Each structure stands twice: as structure tokens, then as C-alpha cells.
Amino acid sequence: MPRIAYVNGAFVPLEDAKVSVLDRGFLFADGVYEVTAVIDGKLVDNAAHLARLERSLGEIEMAHPVPLDTLTELQLELARRNELTEGGIYLQVTRGAAERDFAYPKDATPTLVMFTQERNLVDDPRAKNGVAVVTTPDLRWKRRDIKSVAMLAQAMAKQEAAKVGAAEAIMVEDGVVTEGSSSTAWIVKDGRLITRNLSNSVLPGVTRLSVLALCEELGLEVEERTYTVDELHEADEVFITAATTLVMPVTKVDDRIMSNGAPGPIATRLRQLYIETARRTSVG
Ligand code: PLP
């Protein structure tokens with residue numbers, strides 16, 4: 001079955017999904033994006049993804065391509081046309097095509113592009129044994145709270161991880177962990193969960209938000225604060241969260257085997273509960 005993408009009002013075969021070389025997403029990374037997980041053909045945590053999209057657009061004074069409720073309909077229609085039961089929907093909005101000039105153009109129409117990716121989320125084989133991660137310097141800009149498509153620094157970090165067979169790079173700045181290259185990083189110490197507090201230094205993860213709610217439900221104590229690489233190395237458990245991995249246990253950090261090389265009990269419980277909750281609350 002041919003993959004179908006959505007480009008500016010039309011559903012088209014992926015190979016015909018094209019935007020202009022003058023598109024500011026291409027020329028300036030002048031765009032923002034979201035990835036929504038799909039489980040059982042339904043959208044997981046999508047209201048929070050669209051709320052974050054709205055905030056990202058606002059922060060860079062970019063017009064909405066379509067109203068938010070129309071976006072949900074388009075996402076569901078795209079999932080349906082691709083017969084997507086599990087994976088993700090990638091959605092990108094750019095400021096559109098305009099004569100190349102740094103300042104924002106006055107009359108450009110935003111570009112909206114969407115495509116789907118099949119992915120094993122619930123039965124992700126990596127969740128069984130946990131993944132390896134490596135620490136890398138955080139080379140990014142100062143507005144990481146905006147889900148910008150300018151992700152060369154993250155691609156470089158992920159490549160460092162890939163070179164040594166690790167699944168994720170945990171980025172570090174001034175001795176403290178910021179986040180994963182495409183995930184939120186968490187540690188557990190003495191039964192307490194620790195994840196970075198929100199600020200311009202990190203992306204406000206949607207999965208992070210849902211996991212925080214689950215922690216509250218379970219009565220788990222959480223500290224939202226900076227933590228050092230030493231704390232990461234000495235944690236009882238480490239895990240990462242993202243729409244593309246859900247809750248993913250980490251069993252190796254740099255050269256250290258974590259939680260005796262097996263997914264920790266808290267990460268395991270949160271993964272289970274996250275999936276149950278996602279199945280109950282997803283939209284479609
Ligand atoms: N942090 C960064 C830098 C990311 O790129 C991502 C996801 O792509 C996340 C965190 C996790 O965010 P979410 O849980 O909304 O997928």
C-alpha cells in the first residue's frame with residue numbers, strides 16, 4: 001500500500017509530497033513540529049501535543065495553518081488512509097515559502113505537512129531489556145522549550161550515540177543533564193523520581209506530563225530539578241520518555257550497567273500504566 005502524506009490541504013502519495021525550495025522550513029529551520037503516538041489506530045495525548053504546538057507557534061509569531069480541531073480530523077484521516085494502527089504521526093508547520101530574507105515575510109502562507117511512521121510502541125522489543133544511552137554535550141540554542149525543527153545539534157548527539165550502539169544521547173550542559181536528544185530523561189534514587197524542571201533549557205515533554213500525573217496517582221514522590229551527571233551515573237534506575245518510546249527503561253549509561261542490567265521496577269510499572277492509560281484515553 002502506498003504511504004500517504006498530507007501537504008497543504010491535499011492527501012497525496014508520499015513520493016509526490018513536495019514543498020518549495022523557498023520554504024522557510026528548508027532555508028531557516030523556521031518551523032515547529034509535533035509527533036503524536038498512535039496506538040490501536042487512536043491518537044495518544046494528542047490534546048497536549050496540539051496545545052504545545054499552539055504555544056510553539058505563538059512563541060515564534062507564526063500563523064496557524066488550520067484550526068486546531070481541524071488538525072485532529074486531518075491526523076485521524078491520515079492514520080486511516082495509511083491503515084496505521086501503531087506508530088506515530090509527524091506534523092510540521094513552517095512559515096511557508098517566501099523570497100529569502102531573514103525577517104519574517106508579511107504575506108507567506110504557513111506550510112502544513114504530515115506523514116505517518118509505523119512503529120512497535122507497546123511491544124517495542126527494546127523495553128524488555130532496556131536501552132543503552134551515552135552522555136554528550138548539549139550544543140543547542142537557548143529556546144529549547146519551542147519544539148523547533150532546527151535539530152542539527154540533536155542529530156549530532158544521536159549520531160554520537162548510534163556510533164557506539166546506544167539508543168539515545170543524554171545531553172549535558174555545565175555538568176547537569178538537560179534531556180535526551182529526542183526524549184525526557186528521568187532518574188530514580190531511593191524511591192524518588194527526579195527529572196529536570198521546565199524552563200527554556202528543555203522541551204516540555206508531553207509524555208513527561210502524563211507520567212507526572214501517573215506518579216501522582218501512584219503516590220510516587222517526584223522532584224523536578226536539575227541533576228548532575230554523577231547523579232545520573234549513580235541512580236538506582238534511569239528511564240526516558242517520549243511519544244516515540246513511551247516510557248523506556250535505560251540499563252546502561254556510558255560504561256555503567258544500571259539497575260543490575262534489567263529494567264527497574266518503577267520504570268517497568270510506569271511503562272505498563274502509561275500504556276493502559278493511553279489505551280483508555282486515546283482519541284479516534
Ligand atoms: N525532549 C526533546 C528534545 C525531544 O525532542 C522530545 C521528543 O521529540 C522530548 C523531549 C519528548 O517529548 P514528548 O514526550 O512530547 O514526545
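These values consider heavy atoms only, across backbone and side chains, with no hydrogens, waters or symmetry-generated copies. Since this is a predicted model, take the numbers as computed values, not measurements. Note that ligands are numbered from 1 as they come in the structure, with each ligand's atoms numbered from 1 the same way.
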Compute whether any side-chain donor of one residue and acceptor of the other, for Asp30 and Thr94, lie under 3.5 angstrom apart. no
List in chain and number order the residues that pass ring pair (Phe, Tyr, Trp, His ring centres under 6.0 Å) with Tyr90, two or more places apart in sequence or in another chain; answer none if no residue qualifies.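 Listed in chain order: Tyr33, Phe115.
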Is the cationic atom of Arg95 (NZ for Lys, CZ for Arg) positioned less than 6.0 Å from the six-membered ring centroid of Tyr104 and within 45 degrees of its normal? yes
Run the salt bridge (charged side-chain N to carboxylate O under 4.0 Å, His left out) test on Arg126 and Glu168 for me, step by step, so that the C-alpha distance in whole Å, both residues' side-chain angles and the decisive distance to 0.1 Å come before the verdict. CA-CA 12 Å; Arg126 299 174 305 168; Glu168 177 61 306; over 6 Å; no
Could you pull out the closest heavy-atom pair between Val253 and His233, with the gap in Å? CG1-CD2, 3.7 Å
Any protein N/O atoms within less than 3.5 Å of an N/O atom in ligand 1? List the atom names and distances, or say none.
residue: ligand 1; atom: 1 (N); partner: Glu179; partner atom: OE1; Å: 2.6
residue: ligand 1; atom: 1 (N); partner: Ser183; partner atom: O; Å: 3.4
residue: ligand 1; atom: 8 (O); partner: Lys147; partner atom: NZ; Å: 3.0
residue: ligand 1; atom: 14 (O); partner: Val206; partner atom: N; Å: 3.4
residue: ligand 1; atom: 14 (O); partner: Thr207; partner atom: N; Å: 2.9
residue: ligand 1; atom: 14 (O); partner: Thr207; partner atom: OG1; Å: 2.6
residue: ligand 1; atom: 15 (O); partner: Arg52; partner atom: NH1; Å: 2.8
residue: ligand 1; atom: 15 (O); partner: Arg52; partner atom: NH2; Å: 2.9
residue: ligand 1; atom: 15 (O); partner: Val206; partner atom: N; Å: 2.8
residue: ligand 1; atom: 16 (O); partner: Ala243; partner atom: N; Å: 2.9

May I have the step-by-step check of side chain to side chain contact (heavy atoms under 4.5 Å, CB included) for Leu270 and Leu193, ending in yes or no? CA-CA 11 Å; Leu270 284 171; Leu193 285 88; 3.8 Å; yes
